[in-house]
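Single-structure report; data block below.
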Amino acid sequence: MSTPIKDDSRHSTSSSTISSAPFNSIVGEHPNAVTNRFFSYERIEEISNYLRKKIAAAPEVAIICGSGLGGLAELITDKISFPYNEIPYFPSSTVPGHRGNLIFGILNGIYVVCMQGRFHPYEGYTTALCAMPVRVMKMLGAHSLIVTCAAGAINKDYNIGDMMIIKDHLNFSNFAGPRFPPVGHAYDREYVTLMKQVAIKHGHELREGIYSGLGGPCYETIAEIRALRILGGDAVGMSVVHEVTVGAHCGFRILGLALLTNKCLTEYNAAHESLHEEVIRISELKANDMQQLILNFVGVLKENYV
Ligand SMILES: O=P(O)(O)O[C@@H]1C[C@H](O)[C@@H](CO)O1
């Protein structure tokens with residue numbers, strides 16, 4: 001792992017107040033501004049050591065829950081839960097539908113670590129900071145990363161409530177971090193096949209497609225959606241790509257799963273606009289199907305790969 005880092009001794013793990021002060025982008029700097037830079041190997045190690053002392057085992061699978069999808073954590077047993085603001089150097093979750101807990105425990109027979117909510121660049125955090133927990137979860141021992149998200153459907157044939165395996169992405173966000181990591185095979189082809197088999201076996205219909213990652217926080221313009229469609233995007237969202245980039249860089253086998261919560265606008269005379277409340281409503285409505293897919297996929301990983 002690389003060490004492209006600027007450290008700052010003002011922060012140490014002895015201070016649990018680092019992340020707990022409120023975010024106020026208008027009147028001042030976020031209290032995590034110092035952490036909102038690069039992350040050294042040593043700092044990732046410091047965070048990992050803090051967690052390692054308190055957990056029961058090394059996690060094998062890491063899971064990131066997207067908007068409204070954090071209910072997966074309810075299926076985990078023997079849970080040890082850390083609110084993000086109690087973990088050294090972690091930022092706070094500020095988006096509704098992202099509860100902000102790092103949860104360790106057993107899911108379908110495997111020790112997992114689950115991010116119940118993620119960090120987005122539009123919250124004011126660098127992409128490097130948003131993806132920092134991926135490095136921590138890898139250092140703790142996880143070999144596989146399951147990234148879930150809510151996304152808008154661009155593909156004309158895809159509908160609200162569809163679940164889509166992410167086979168590749170279009171990255172329209174910037175990134176500060178290690179230079180030139182290859183991501184051509186970031187999404188594990190074997191995992192895609194495995195997930196399709198799981199879906200068939202358990203009677204779930206699954207789409208497959210390309211996720212376009214934009215910065216947000218505004219939803220896309222009609223011109224943008226039309227352009228993304230021409231470029232081959234099947235869905236669009238505001239996360240995933242930084243996590244997958246970092247996950248590929250640190251050697252994770254990765255599976256991406258998007259829940260399509262809305263149809264993106266492509267016509268100027270369309271009556272409706274996308275709303276985050278609607279995104280969460282659909283996520284929660286379909287959460288059970290997403291959870292079952294992940295639960296069964298993890299079970300298959302246990303049988304075949306672990
Ligand atoms: O964290 P995810 O990618 O699931 O959240 C999506 C993208 C935005 O954060 C939000 C827009 O409604 O949902």
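Atoms within each ligand, like the ligands themselves, are counted from 1 in listed order. Note that the numbering runs from 1 along the sequence shown for the chain.
- The existence of a salt bridge linking Glu45 and Arg135 is excluded, since no basic side-chain nitrogen approaches an acidic carboxylate oxygen closer than 4.0 Å.
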Just list the N/O pairs, ligand 1 to protein, that are under 3.5 Å apart, with the distance for each.
{"unit_1": "ligand 1", "atom_1": "1 (O)", "unit_2": "His98", "atom_2": "NE2", "d": "3.2"}
{"unit_1": "ligand 1", "atom_1": "1 (O)", "unit_2": "Arg118", "atom_2": "NH1", "d": "2.9"}
{"unit_1": "ligand 1", "atom_1": "1 (O)", "unit_2": "His120", "atom_2": "NE2", "d": "2.7"}
{"unit_1": "ligand 1", "atom_1": "3 (O)", "unit_2": "Arg118", "atom_2": "NH1", "d": "3.4"}
{"unit_1": "ligand 1", "atom_1": "3 (O)", "unit_2": "Ser239", "atom_2": "OG", "d": "2.5"}
{"unit_1": "ligand 1", "atom_1": "4 (O)", "unit_2": "Ser67", "atom_2": "N", "d": "2.8"}
{"unit_1": "ligand 1", "atom_1": "4 (O)", "unit_2": "Arg118", "atom_2": "NH1", "d": "3.4"}
{"unit_1": "ligand 1", "atom_1": "4 (O)", "unit_2": "Ala150", "atom_2": "N", "d": "2.8"}
{"unit_1": "ligand 1", "atom_1": "5 (O)", "unit_2": "Ser67", "atom_2": "OG", "d": "2.7"}
{"unit_1": "ligand 1", "atom_1": "9 (O)", "unit_2": "His120", "atom_2": "NE2", "d": "3.3"}
{"unit_1": "ligand 1", "atom_1": "9 (O)", "unit_2": "Tyr122", "atom_2": "OH", "d": "2.5"}
{"unit_1": "ligand 1", "atom_1": "12 (O)", "unit_2": "Tyr219", "atom_2": "OH", "d": "2.5"}
{"unit_1": "ligand 1", "atom_1": "12 (O)", "unit_2": "His276", "atom_2": "ND1", "d": "2.6"}
{"unit_1": "ligand 1", "atom_1": "13 (O)", "unit_2": "Ser67", "atom_2": "OG", "d": "3.1"}

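- With respect to the salt-bridge test (charged N to carboxylate O, under 4.0 angstrom), the residues Glu205 and Lys286 do not qualify.
- The ring pair (Phe, Tyr, Trp, His ring centres under 6.0 Å) analysis of residues 153-173, with sequence neighbours excluded, yields the pairs His169-Tyr187.
- In this structure, CG in Leu301 is found 6.5 Å from CG in Leu194, a value given to the nearest 0.5 Å.
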(Q) Walk me through whether Tyr84 and Phe119 qualify under ring-ring contact (aromatic ring centres under 6.0 Å, His included). (A) CA-CA 10 Å; Tyr84 291 155; Phe119 308 114; 4.9 Å; yes
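- A salt bridge links Arg281 with Glu278: the closest approach of a Lys/Arg side-chain nitrogen to an acidic carboxylate oxygen falls below 4.0 angstrom.
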